[in-house]
Protein chains: 2
Amino acid sequence: MLSLKDLSYLVALDELGHFGKAAQACYVSQPTLSGQLKKLQNQLGVELIEKGSKKVILTHVGREIAQRAKAMVLQAHELEAFARASNKPLTGRLKLAIIPSLAPYLMAKTGACVNALLPGLTIELHELETHELLRQLKSGEIDIGILVLPQPQAGLRHLSLWQEPLWLGVGHEHPWAKKTQVTRGQLAGAELILLKEGHCLADQAQQMCQLKSQSQAFRGASLETLRYMVSAGNGATIVPQLSMDAWISHGEQNITYIPITSPKQAREIGFLARSGSAYWPCVEALHGAMAKVLPKNSADTQTVPLVI
Amino acid sequence: MLSLKDLSYLVALDELGHFGKAAQACYVSQPTLSGQLKKLQNQLGVELIEKGSKKVILTHVGREIAQRAKAMVLQAHELEAFARASNKPLTGRLKLAIIPSLAPYLMAKTGACVNALLPGLTIELHELETHELLRQLKSGEIDIGILVLPQPQAGLRHLSLWQEPLWLGVGHEHPWAKKTQVTRGQLAGAELILLKEGHCLADQAQQMCQLKSQSQAFRGASLETLRYMVSAGNGATIVPQLSMDAWISHGEQNITYIPITSPKQAREIGFLARSGSAYWPCVEALHGAMAKVLPKNSADTQTVPLVI
DNA sequence: TTTTTCAATAGGTATTACCGATAATGTTGA
DNA sequence: TCAACATTATCGGTAATACCTATTGAAAAA
């Protein structure tokens, strides 16, 4: 019968392309890994590793099998995690990723509360843009993601957390600085300072303004960059509410925040995890803890569904 | 590290509910199975088997883990099958299931041709109703299904084969026996003899006639039963084209077949297999072989999508 | 060429999966 | 209640094998 251990050797070799390094990664000696892979090839009756080549290259079949093997190894780890979690729920190490336009502000607001409610849980926080977050989530590098929904992805399960209102942030010199509100229609074609492409907030803002990507000359690397730019001059940008709250409470004086209406704009923040993940109870616990701290949604808030 | 063998022991125990029988199914002795399961419990740090109970009952966690384990074991088998198939494509044993309203007629028409084209392939044929077919397909008990599409099922891959026209079969004494065509509208509320519930053909016919299930007094167990009933008296039923062809070529004299028009009714026949199945090349080969033998679709044929 | 790098081989050891026999336990029928 | 039975757990021994270190062989780099 096939052995998961042998399969994991193949996965390691596929990923590292080097017998010695793969062996090291698996905590075995190089001869062991070589021998077991040879055994695996006999069991399957297939050449997995390209023969006679200078480099370590898997055959076409080998690569396909390594891919399947990787999925199985991941499932094995999830099974073990599930078993652990069933003993002591809400303990252990949790690899959590949050999109950059949300991470610092969300953690500032909810971090203490979460730690208080889930003392047994060590949260390892990663800041990843949506695309990379999804990849790492599916590959098992992270366990839970917090990002903008909806994300129609097979094999993933989601839980909505909050409709985060979006504001227009403008410098005091900006022509709109005296406005008490801006309608969505007025935003069409407006010149905004946005984040780099890849950030879902930038995509969403572009949609709201019906802009093509080329029309944007300036791209910030983080919301904090945008903050300084708007604060310094007469630019304008889209600001999620949590960032706004943080900036206000940190004494930012030079930005005026204007509500966007007709309809009120928001983005849907939520959790994402693998469907079979052992960490789903953690998701629910985090949801419970965070929901208490976040402001209540007003009724007329409307999500802008993001087209991926 | 977790061992697939141990996991398969747990799966066997879950399914058979008996240490001895499970051991037998795994070709090991009962003490071996007991011991390995004990080891597994230690590894996972979880009680898998209900202690102190009279019957062998898995704990709640145990059952969940057995379910995950089953999926992994299935994947292991598929991986092995894939490796085998990569050596000698289109050989070996193929477990094929076909819905009963199609199986005999399809095999009669295409069996010889398939065997001629795929001499290395031993086909093990099962006759299963849609629901059971899907279950067995997902659990790995069968490899390929031929049934009525669409079947929106996660993890399964499909390939459409043929739009099979549907006819109205009536006895010579039936009021409609002299008609040259029947429109779909005329079928509404018509009294038809149908198959038992569970057969997708019956569901589809009911939809066509806009009937509730209660309104059907008579239910046949197979199309052959319906044939005798219609042939003997003045009943009417929906007949798929392949059945009709078979009946005609077997000398059935007492049934008149009336085309259903406005629009012409049909059902979509197609293949279904697990997404990662090693047997997909077989599906394509079968598709190629069968498509040659089946009649060409006329352009105005319309599928009636089945609501599950 | 020599040196270096890397995988394959050899030989030996510790682990463990496995078996048969048997004991312990629970279940059932009188 | 106590046999008679069915079923699982335990015991001791064995064969298979996963693993190691040391070494060799072959290819690439110097």
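All figures in this text were calculated on a predicted structure; none of them were measured in a lab. Numbered from 1 within each chain, the chains take letters A, B, ... in sequence-line order.
- Remark: side-chain polar atoms of A:Thr59 are not paired, donor with acceptor, to backbone N or O of A:Ile49 under 3.5 angstrom.
- Here the side chain of A:Lys5 is nearest to one of D:dA18, C:dC19, D:dA22, namely D:dA18.
- Nearest nucleotide to the B:His18 side chain, out of D:dT8, C:dC19, C:dA7: D:dT8.
- In this structure, A:Met1 places its CE atom 18 Å from C1' of D:dA18, rounding to the nearest Å.
- Atom CG in A:Leu33 sits about 16 Å away from atom C1' in D:dT17, given to the nearest Å.
- At distances below 3.5 Å, not a single donor-acceptor pair connects side-chain atoms of A:Thr122 with backbone N or O atoms of A:Arg93.
- In this structure, the CD atom of B:Gln41 is 14 Å from the P atom of D:dT8, given to the nearest Å.
- Among the nucleotides C:dA10, D:dT10, D:dC19, the one closest to the side chain of A:Tyr9 is D:dC19.
- Residue B:Lys38 contributes atom NZ, which lies 16 Å from atom C1' of C:dC18 at whole-angstrom precision.
- Heavy atoms of A:Ser34 sit under 4.0 angstrom from primed sugar atoms or phosphate atoms, though from no base atom.
- Side-chain proximity of A:Thr32 to C:dC18, C:dT9, D:dC19: nearest is D:dC19.
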Test B:Thr32 against B:Gln36 for side chain to side chain donor-acceptor pair (under 3.5 Å), laying out the working first. CA-CA 6 Å; B:Thr32 297; B:Gln36 293 304 98; over 6 Å; no
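- Summarising the geometry, the separation between CG on B:Leu58 and P on D:dT8 is reported as 12 Å, rounded to the nearest angstrom.
- The backbone N or O of A:Gly45 lies less than 3.5 Å from a partner atom in the side chain of B:Asn87, making a donor-acceptor pair.
- D:dT8 atom C1' lies 14 Å from atom NZ of B:Lys21, rounded to whole Å.
- Within the nucleic acid shown, B:Gln30 comes within 4.0 Å of at least one base atom, counting heavy atoms only.
- Comparing D:dA22, D:dT8, C:dC18 against the side chain of B:Gln36 picks out C:dC18 as the nearest.
- Atoms NZ (A:Lys39) and C1' (D:dC19) sit 12 Å apart, rounded to a whole Å.
- Atom pair A:Leu4:CG and D:dA18:C1' shows a separation of 15 Å (rounding to whole Å applied).
- Exactly one residue among B:Leu272, B:Leu96, B:Leu133 makes a side-chain contact (heavy atoms from CB on, under 4.5 Å) with B:Ile142. That residue is B:Leu133.
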